[in-house]
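The figures here come from the full heavy-atom set of this structure, side chains too, leaving out hydrogens, waters and symmetry mates. Letters A, B, ... are given to chains in the order of the sequence lines, protein chains preceding strands, and every chain is numbered from 1.
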Protein chains: 2
Amino acid sequence: MQPTVIDLTVASRNPACDNRSVLYHDYPGQHCSIAASLEVVGERWSLLIIRDILRGRRRFDQMQESLGIARNVLTKRLNRLIEADIVERRRYQTGPDRYEYFLTEKGLDLWPVLMAYLGWGDKYCEPETGPPRLIVHKECGGTVNDRRICQKCGRELEVRDAESIPGPA
Amino acid sequence: MQPTVIDLTVASRNPACDNRSVLYHDYPGQHCSIAASLEVVGERWSLLIIRDILRGRRRFDQMQESLGIARNVLTKRLNRLIEADIVERRRYQTGPDRYEYFLTEKGLDLWPVLMAYLGWGDKYCEPETGPPRLIVHKECGGTVNDRRICQKCGRELEVRDAESIPGPA
DNA sequence: CACAGTGGGTTGCATAAAGAAACTCTAATG
DNA sequence: CATTAGAGTTTCTTTATGCAACCCACTGTG
């Protein structure tokens, strides 16, 4: 299994993507950053879509198949994420227009959330086999913990400093 | 900007992850710690309930009012969390039985996820007013970042080392 | 004693969202 | 000319959520 090369080029908000969809999640009376975040990405599929894009699945059908999500729901989610400036849609072909989805800087900044879930899941969902994948520091090869700190060199890492390799499982 | 190699794919399905509880979320074909975590707590209210309990709202009506969640849904969520061993229900009075809800160790271990969401939300949802709440190190009073590191004394903190106080907003 | 209030839920019904599957559209390929 | 691929729509069904009302066993108040 070879890792996928991902272009993390970041772009600005695309005003062409108009969408009248509303944020149907409304946690009333919450003046809390956690609640505010959850309004945007705290919903069934969003984080898995973001993980998939991070993983290199940039196209509609790839994501749909990998996630097993209904196609109409995937459409809605992607539009919501685009509207929230987390995902960017780029046409890679005209004629029949074809698109790929990329994470914006804001989307990439959700990496800590994914790492936190990964750490928790490794501890409680895969306790005896060990983590199915390890996140390692590209430069020195040390494993990265859920604080995004390299266990070998001690550096505090950003998303671009790390990669995922098969774990002991 | 150079391409980044990231692969959060996960290889093998672990039967230990199977839970006889009714996980109505089923992300088919996902054999990944992130997906596994989201099956348990990646749903509309769970994390907010956990946040509430962490902040000391331990009783049904307190949570119901603070969250604005429907009562029947709160019942269901709490039962799911209890079943998943994230929340523990303790009777504090007999006669008419009265209960309080506490986090188990497993529940407390979700603190990193909350801190990651908090960090993201502070950055993107409350950019001008500043964070509505600050997490501080109880011992030295320094603020805690989303790596759960005290900015003042540099220590790596656990959930019991920190507390939440009103922020500048 | 009557009656309101409190804590911790259930029940029933209406609506909103998710899922499954079929359909569309355009262009390229055989 | 038929088929395939990518990226969605459309339609229909199932599931989840929200809302309001109700229940029950006390407890405190006049």
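For B:Lys76, there are no salt bridge (charged side-chain N to carboxylate O under 4.0 Å, His left out) partners, not counting sequence neighbours. Residues forming a salt bridge (charged side-chain N to carboxylate O under 4.0 Å, His left out) with B:Arg55 (at least two apart in sequence, or on another chain): none. With sequence neighbours excluded, the residues that form a salt bridge (charged side-chain N to carboxylate O under 4.0 Å, His left out) with A:Arg147 are B:Glu156, B:Glu158. Not a single salt bridge (charged side-chain N to carboxylate O under 4.0 Å, His left out) links B:Asp85 to another residue, sequence neighbours left out.
The pair A:Glu83-A:Lys106 does not meet the salt-bridge criterion, since no charged nitrogen lies less than 4.0 angstrom from a carboxylate oxygen. Note on B:Arg71 versus B:Asp61: salt bridge recorded, some NZ/NE/NH1/NH2 to OD/OE distance being below 4.0 Å. Taking 4.0 Å as the cut-off between side-chain N and carboxylate O, A:Arg148 and A:Asp161 do not count as a salt-bridged pair. The pair B:Glu43-B:Arg80 fails the salt-bridge criterion, with no side-chain N (NZ, NE, NH1 or NH2) lying under 4.0 Å from an Asp/Glu carboxylate O.
As judged by a 4.0 angstrom heavy-atom cut-off over every strand, B:Arg89 is placed among residues touching the sugar-phosphate backbone only.
The separation between A:Glu65 atom CD and C:dA20 atom P is 14 Å, rounded to whole Å. Between B:Gln64 atom CD and D:dA21 atom C1' there is a gap of 14 Å when expressed in whole angstrom units. Look at CG on A:Leu67: it is 15 Å from P on D:dA7, rounded to the nearest Å. Here D:dG8 presents its P atom at 7 Å from CG of A:Leu78, a figure rounded to the nearest Å. Here C:dG9 presents its C1' atom at 16 Å from CD of B:Gln62, a figure rounded to the nearest Å. Taking atom CE of A:Met63 as the reference point, atom C1' of D:dG8 lies 13 Å away to the nearest angstrom. Atom-to-atom, CZ of B:Phe60 to P of D:dA25 comes out at 18 Å; the value is rounded to the nearest Å. Rounded to an integer number of Å, the gap from CG of B:Leu48 to P of D:dT17 is 14 Å.
If you run salt bridge (Lys or Arg N to Asp or Glu O under 4.0 Å) between B:Glu100 and each of B:Arg90, B:Arg57, B:Arg59, only B:Arg59 comes through.
For DNA chain C, if you chain together Watson-Crick or G-U pairs that step i with j, i+1 with j-1 and so on, the runs of at least three with distances under 3.5 Å are C:1-30 with D:1-30.
Minimum atom distance to the side chain of A:Arg77 is reached by C:dA17, of the listed C:dG9, C:dA17, D:dA7. With distances taken from any side-chain atom of B:Thr75 to the nucleotides C:dT10, C:dG8, C:dA18, the minimum falls on C:dT10. For B:Tyr92, the listed nucleotide lying nearest its side chain is C:dG7; candidates were C:dT10, D:dT9, C:dG7. Ranking D:dG6, C:dA18, D:dG18 by closeness to the A:Arg44 side chain, first place goes to C:dA18.
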Show me the protein contacts with nucleotides 21-30 of chain C, counting only N or O atoms at under 3.5 Å.
none

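Nearest-nucleotide mapping onto DNA chain C: of B:Tyr99 and A:Ala70, the residue sitting toward the 5' end is B:Tyr99.
Between B:Leu103 and B:Trp111 there is no side-chain heavy-atom pair separated by less than 4.5 Å.
Phosphate contact (OP1/OP2 of C:dA17, side-chain N/O of A:Trp45, threshold under 4.0 Å): absent.
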